[in-house]
Amino acid sequence: MAMPPAKKDDLDGMDFCDYLKQAPTAIQELIRKFRDCYHVFNNKATGAEQEDQREQLLTLVQDVVDKCKGRYYTNSQYQKTEEEIQKETQVLQENYRE
């Protein structure tokens, strides 16, 4: 099955959630990793649609800032967390094999 493009303006009216159901596993995992936090843009939008997209993005950013209470991850914190996740995944895989 051929995958549709990932840009909203190329989805020909397809809902992005429907696109994700057909997306490669790596894309689905990436979306899950970020707790389904994403924003889809129509790069060809103009006028009101473009303004609406901008407002949606700013709202999303503000929601993330609010949820994190102003805290953020540094690259070193991210790398340490990623290493811990990989270790845990490896242990789970080894346990599953047994």
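Remark: Lys21 pairs with Asp18 by the salt bridge (Lys or Arg N to Asp or Glu O under 4.0 Å) rule, at least two apart or across chains.
Within the model, atoms CG of Asp66 and CD of Gln62 stand 4.5 Å from one another, a figure rounded to the nearest 0.5 Å. Considering CG of Leu92 and NZ of Lys87, their distance stands at 14.5 Å, rounded to 0.5 Å. In this structure, CD in Gln56 is found 4.5 Å from CG in Asp52, a value given to the nearest 0.5 Å. Note that CZ of Arg97 and CG of Asn95 are 10.0 Å apart. Values are rounded to the nearest 0.5 Å. Separation of atoms CD (Gln50) and CG (Asn43) is listed at 9.5 Å; rounding is to 0.5 Å.
For the residue pair Gln86/Glu82, the side-chain donor-acceptor check at 3.5 Å is satisfied.
Of the residues listed (Leu58, Val64, Leu57), the one engaging Val61 in a side chain to side chain contact (heavy atoms under 4.5 Å, CB included) is Leu57, and it is the only one.
Applying the 6.0 Å contact sphere to CD of Glu94 captures more than 12 heavy atoms from other residues, nucleotides or ligands.
Cluster membership for Val40 and Met14, using ILVMFWY side-chain heavy atoms within less than 4.5 angstrom, is shared. Both Ile27 and Phe16 are members of a single hydrophobic cluster when ILVMFWY side chains are connected at heavy-atom separations under 4.5 Å.
Listed here is the closest heavy atom pair of Gln53 and Ala45: NE2-CB, 3.8 Å. Shown here for Glu49 and Asn42, the closest heavy-atom pair between the two residues is OE2-ND2, 3.2 Å.
Using a 4.0 Å cut-off between charged nitrogen and carboxylate oxygen, Lys80 and Glu83 do not count as a salt-bridge pair.
Under the 4.5 angstrom side-chain criterion for Ile, Leu, Val, Met, Phe, Trp and Tyr, the cluster partners of Phe34 are Leu30.
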